[in-house]
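Structure first, then comments.
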Number of protein chains: 2
Amino acid sequence: MPGTKLDDIDRKILAELQGDGRMTNVELARRVGISAPPCLRRVRALEEQGFILGYHADVNPRELGFEVQVFAMVGLQSQAESDLSAFEARCRDWPLVRECHMLNGDIDFILKCVAPDLRSFQTFLTEELTAAPNVGSVKTSLVIRQAKDEPGVPFDILEARLRREA
Amino acid sequence: MPGTKLDDIDRKILAELQGDGRMTNVELARRVGISAPPCLRRVRALEEQGFILGYHADVNPRELGFEVQVFAMVGLQSQAESDLSAFEARCRDWPLVRECHMLNGDIDFILKCVAPDLRSFQTFLTEELTAAPNVGSVKTSLVIRQAKDEPGVPFDILEARLRREA
DNA sequence: GTTGAAAAATTCAAATT
DNA sequence: AATTTGAATTTTTCAAC
């Protein structure tokens with residue numbers, strides 16, 4: 001089940017749906033060059049096999065009143081697995097934390113956060129994040145502007161690699 | 001046009017589509033409690049007004065052969081606007097760089113990168129990123145694991161704020 | 001925002017290669 | 001084994017209300 005290999009059409013489907021996740025199945029079928037029924041079956045299979053994890057509308061945080069985006073670099077006091085897991089569970093419970101990645105190197109975690117304004121982020125920072133058990137150091141950096149925000153993976157790189165192998 | 005305010009139904013639509021961007025309009029209408037035609041009109045309006053920026057399938061990088069995710073913290077030598085823009089333009093051209101955020105504080109940029117393996121990332125790091133004009137310092141951290149990866153914004157926070165204001 | 005109707009898309013079962 | 005065809009169901013989308 002996990003080792004199921006994808007063919008050219010499957011990869012094209014993934015690339016198209018990564019680019020426009022709300023495209024109709026007939027339009028998708030047209031673009032990948034097959035008829036609608038097998039195209040739909042492939043999409044369902046890609047979902048079931050875990051190649052497609054979900055579909056999401058990309059909303060505009062600023063327009064919705066989330067003016068502030070922050071990256072927080074967090075160091076823990078204990079890196080025992082149970083303590084790492086406990087911190088991750090806390091992150092999942094904090095709505096302002098949208099992403100939590102465990103890293104190697106100096107910092108243990110990087111958190112991508114959003115907040116309505118600086119004041120509410122500061123409240124979260126001092127009363128929740130810094131105050132949480134086992135949290136050693138927290139360094140935060142405000143996002144000034146976003147130069148690039150592409151979803152997922154670069155399919156052109158994937159295709160180039162496959163051509164090289166062939 | 002930009003100051004158009006959203007009502008409860010609009011926010012519910014955004015929350016639902018953030019959660020499942022491929023939901024049919026009929027199902028969406030049912031969930032937000034109106035009939036399909038006005039629901040579709042609202043979705044189109046939300047798209048045109050920039051509240052919805054796009055729809056994307058969330059693909060599984062590992063399954064697709066992108067085993068490595070890296071955060072790169074980049075410092076530039078010159079922070080003149082033309083130099084910042086030039087670096088951002090380079091990031092947009094690098095397929096492995098999926099996100100590029102300009103930050104305040106010690107680091108100038110944080111880059112989220114994906115790569116098929118460590119070797120190809122190292123090649124990118126040494127031959128492209130570090131070698132690029134005006135790049136002063138680059139610190140990279142591998143993602144060990146992802147504890148949370150939620151798209152967009154926390155709509156429950158938004159609703160709580162609106163209730164407080166009312 | 002609702003209702004009603006036409007056009008289009010989804011989805012399944014069989015036939016085809 | 002996978003794709004196409006054809007057909008029934010559902011959804012989309014546009015009117016007019």
Side-chain angles (χ1 to χ4, degrees), chain A residues 1-60 63-64 151 155 158-159 162-163 165-166, chain B residues 1-60 63-65 151 155 158-159 162-163 166:
Chain A
M1 206 174 314
T4 319
K5 276 230 285 299
L6 302 177
D7 63 12
D8 291 354
I9 295 175
D10 289 323
R11 281 191 300 278
K12 197 117 200 297
I13 287 173
L14 291 170
E16 291 290 344
L17 286 179
Q18 177 174 281
D20 178 5
R22 221 174 151 71
M23 189 184 304
T24 68
N25 182 59
V26 290
E27 171 65 9
L28 180 61
R30 196 191 60 72
R31 292 198 190 195
V32 305
I34 59 178
S35 60
C39 185
L40 184 63
R41 261 180 301 136
R42 281 167 181 265
V43 172
R44 295 284 177 264
L46 291 168
E47 290 167 355
E48 278 166 27
Q49 289 166 167
F51 290 100
I52 296 175
L53 301 172
Y55 303 89
H56 306 285
D58 191 7
V59 304
N60 192 330
E63 290 277 340
L64 286 167
F155 280 96
L158 192 61
E159 298 301 333
L162 291 167
R163 269 196 302 279
E165 285 170 16
Chain B
M1 208 172 312
T4 320
K5 275 228 285 302
L6 303 178
D7 64 12
D8 291 355
I9 294 175
D10 288 323
R11 282 191 301 275
K12 197 116 201 301
I13 287 172
L14 292 169
E16 291 290 345
L17 286 178
Q18 177 175 280
D20 178 4
R22 219 174 153 71
M23 191 184 303
T24 69
N25 182 60
V26 181
E27 171 65 9
L28 180 61
R30 196 190 61 73
R31 292 197 188 194
V32 305
I34 59 177
S35 59
C39 186
L40 186 63
R41 276 199 299 262
R42 280 167 181 264
V43 172
R44 295 285 177 263
L46 290 168
E47 290 167 356
E48 277 166 26
Q49 290 165 169
F51 289 99
I52 296 174
L53 301 170
Y55 303 89
H56 307 285
D58 191 8
V59 304
N60 191 328
E63 290 276 341
L64 286 166
F155 279 97
L158 193 59
E159 298 301 333
L162 291 168
R163 269 197 301 280

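Quantities reported herein were computed from a predicted structural model and do not represent experimental measurements. Proteins get letters first, then strands, A, B, ... in listed order; numbering begins at 1 in each.
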Which residues share a side-chain contact (heavy atoms from CB on, under 4.5 Å) with A/Pro37, sequence neighbours left out
A/Ser35

Please tell me if A/Arg42 has a side-chain N or O lying less than 4.0 Å from either OP1 or OP2 of D/dA2.
no

Salt bridge (Lys or Arg N to Asp or Glu O under 4.0 Å) partners for A/Glu47, two or more places apart:
A/Arg44

What closest approach, in Å, do A/Leu64 and B/Leu158 show between heavy atoms, and which atom pair accounts for it?
O-CD1, 3.2 Å

Could you report the tightest heavy-atom contact between B/His56 and A/Pro151, atom names first, then the distance?
ND1-CG, 3.6 Å

Looking at five pairs on each end of the helix from C/dG1-D/dC17 to C/dT17-D/dA1, what is the angle between the two axes, given to 10 degrees?
40°

Run the side-chain contact (heavy atoms from CB on, under 4.5 Å) test against A/Val26 and tell me which residues pass, sequence neighbours left out.
A/Thr24, A/Ala36

Strand-adjacent residues in residues 9-21 of chain A, judged by heavy atoms under 4.0 Å from DNA chain D
none

Using chain B heavy atoms and a threshold of under 4.0 Å, write down where along DNA chain C the contacts begin and end, 5' to 3'.
C/dG1 to C/dG4

Can you sort out the partners of B/Arg11 under salt bridge (Lys or Arg N to Asp or Glu O under 4.0 Å), two or more places apart, ordered by chain and number?
B/Asp8, B/Glu159

For A/Glu27, what residues pass the side-chain hydrogen bond (donor to acceptor under 3.5 Å, both in side chains) criterion, not counting sequence neighbours?
A/Arg30, A/Arg31

Quick one: list whatever passes side-chain hydrogen bond (donor to acceptor under 3.5 Å, both in side chains) with A/Asp10, sequence neighbours left out.
A/Arg42

If I compare all heavy atoms of A/Leu53 with all of B/Val59, which pair ends up nearest, and what's the gap?
CD1-O, 4.0 Å

Sequence-distant partners of A/Gln18, side-chain hydrogen bond (donor to acceptor under 3.5 Å, both in side chains), two or more places apart
none

Below 3.5 Å between N/O atoms, which protein atoms pair up with nucleotides 13-15 of chain D? Just atom names and distances, please.
residue : atom : partner : partner atom : Å
D/dT13  : OP2  : B/Arg44 : NH2          : 2.7

Identify, between A/Ile34 and A/Arg22, the residue whose nearest nucleotide on DNA chain D lies closer to the 5' end.
A/Ile34

Those residues at least two apart in sequence (or on a different chain) that pass side-chain hydrogen bond (donor to acceptor under 3.5 Å, both in side chains) with A/Asn25 are none

Gap separating the CG atom of B/Leu46 from the CG atom of A/Asn60, nearest 0.5 angstrom
11.5 Å

